[in-house]
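So you know, we letter chains A, B, ... as the sequences are listed, proteins then strands, and number each from 1. As a basis for the values below, the full set of heavy atoms in this structure was taken, side chains included, without hydrogen atoms, waters or symmetry mates.
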Number of protein chains: 2
Amino acid sequence: MEPLLDAVHWDAQGLVPVIAQEQGSNDVLMVAWMNREALAETARRGQAVYWSRSRGRLWHKGEESGHVQQVHEIRLDCDADVVLLKVTQHGHEPGIACHTGRHSCFFRVWKNDEWQAVDPVLKDPERIYK
Amino acid sequence: MEPLLDAVHWDAQGLVPVIAQEQGSNDVLMVAWMNREALAETARRGQAVYWSRSRGRLWHKGEESGHVQQVHEIRLDCDADVVLLKVTQHGHEPGIACHTGRHSCFFRVWKNDEWQAVDPVLKDPERIYK
């Protein structure tokens, strides 16, 4: 795992931002963070494991919601300071990556001088996190 | 412009990470940073203007290379701490977003226990930055 981890330019907190992009549609689902352990676990399991900054611990995406991300590809950008995962978003059809119950976290568009939520809630969050 | 800018959760340096995603293909081209002025300029011009952390100044993408990004949409994620642009990458066909002369900055894939550059250089960087 060392070559995987050592190539990444970790920030001052030992973290790197990670884009989860849906295999097939190429939709950007979300951005989260990883530390070395999270990236190693992601590669080992073939499922996305992030570092939750708010909870201060590893976060196996889907551990509560069941909305697991199967990882097909791990990519690194030219500066080695952003990681991109190609994933299949499991647990619902279509996939729900956002804690608001939407497909993608990027559901707000700047339009007519305001931020508008343009993508539908696919499942009530209260039914996702029981 | 205030509602555009005030919704964003700027980090301690007054910056936000920005994903540039290609309209149509949905390819993720690159990730860069914006401050308030950069985001305001991007919205005003309809072209991507970033904050260059290395140069410490506004960076109108394509100012040297001619590889300008026309902005179709500005999106914000659920936590308001990542911006996503839907863009057309101008100046070459297919579009070149990366300073290495590649389509996307995410040209390295973790494969067979090594980082492999899997996407072609479309134009020699020495011919891009004359």
Original post:
Is chain A contacted by the side chain of B:Ser25, its backbone, both, or neither, given a heavy-atom distance below 4.5 Å?
Top reply: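 Backbone only.
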Original post:
Relative to chain A, which segment of B:Gln21 carries a heavy atom at a distance below 4.5 Å: side chain, backbone, both, or neither?
Top reply: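 Contact with chain A is through the side chain of B:Gln21 alone.
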Which bit of [X] comes within less than 4.5 Å of chain B, counting heavy atoms only: side chain, backbone, both or neither?
X       : answer
A:Val83 : backbone
A:Asp27 : both
A:Ala80 : both

Subject >> Within residues 2-13 of chain B, residues adjacent to chain A where the heavy-atom gap is under 4.5 Å >> reply: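 The list, in residue order, reads B:Pro3, B:Leu4, B:Ala7.
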**OP:** Quick one: closest heavy-atom pair of B:Ala40 and B:Met1, and the distance?
**Re:**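 Where B:Ala40 meets B:Met1 most closely, the heavy atoms are O-CE, 3.8 Å.
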**OP:** Locate the shortest heavy-atom distance separating A:Arg108 from B:Cys78; write the atom from each residue and the value.
**Re:** NH2-O, 3.4 Å
**OP:** Please determine, among A:Asp79, A:Asp81, A:Val28, A:Asp113, the option with the most heavy-atom pairs under 4.5 Å with chain B.
**Re:**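 Most pairs with chain B among the choices: A:Val28.
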Between atom [atom1] of [X] and atom [atom2] of [Y], what is the distance when rounded to the nearest 0.5 Å?
X        : Y        : atom1 : atom2 : result
B:His103 : B:Ile96  : NE2   : CD1   : 10.0 Å
A:Ser104 : A:Leu122 : OG    : CG    : 10.5 Å
B:Thr100 : B:Phe107 : OG1   : CZ    : 4.5 Å
B:Thr42  : B:Met34  : OG1   : CE    : 3.5 Å
A:Glu41  : A:Gln47  : CD    : CD    : 10.5 Å
B:Lys86  : B:Ile19  : NZ    : CD1   : 11.0 Å

Original post:
Would you call B:Phe106 and B:Asp119 a side-chain contact if the rule is heavy atoms closer than 4.5 Å?
Top reply: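 Side-chain contact under 4.5 Å: no.
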Subject >> Residue-level contacts of residues 65-75 of chain A with chain B, using a heavy-atom cutoff under 4.5 Å >> reply: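 Expected list: A:Glu73, A:Ile74, A:Arg75.
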Original post:
In chain order, what residues pass the ring-ring contact (aromatic ring centres under 6.0 Å, His included) check against A:Trp59, with sequence neighbours excluded?
Top reply: A:Tyr50
**OP:** List in chain and number order the residues that pass ring-ring contact (aromatic ring centres under 6.0 Å, His included) with A:Trp33, two or more places apart in sequence or in another chain; answer none if no residue qualifies.
**Re:**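 Per chain and number, A:Trp33 pairs via ring-ring contact (aromatic ring centres under 6.0 Å, His included) with no residue.
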Original post:
Sub-3.5 Å donor-acceptor pair from the side chain of B:Lys61 to the main-chain atoms of B:Gln89, do we have one?
Top reply: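 No, the answer is negative, given that no donor and acceptor are paired below the 3.5 Å cut-off.
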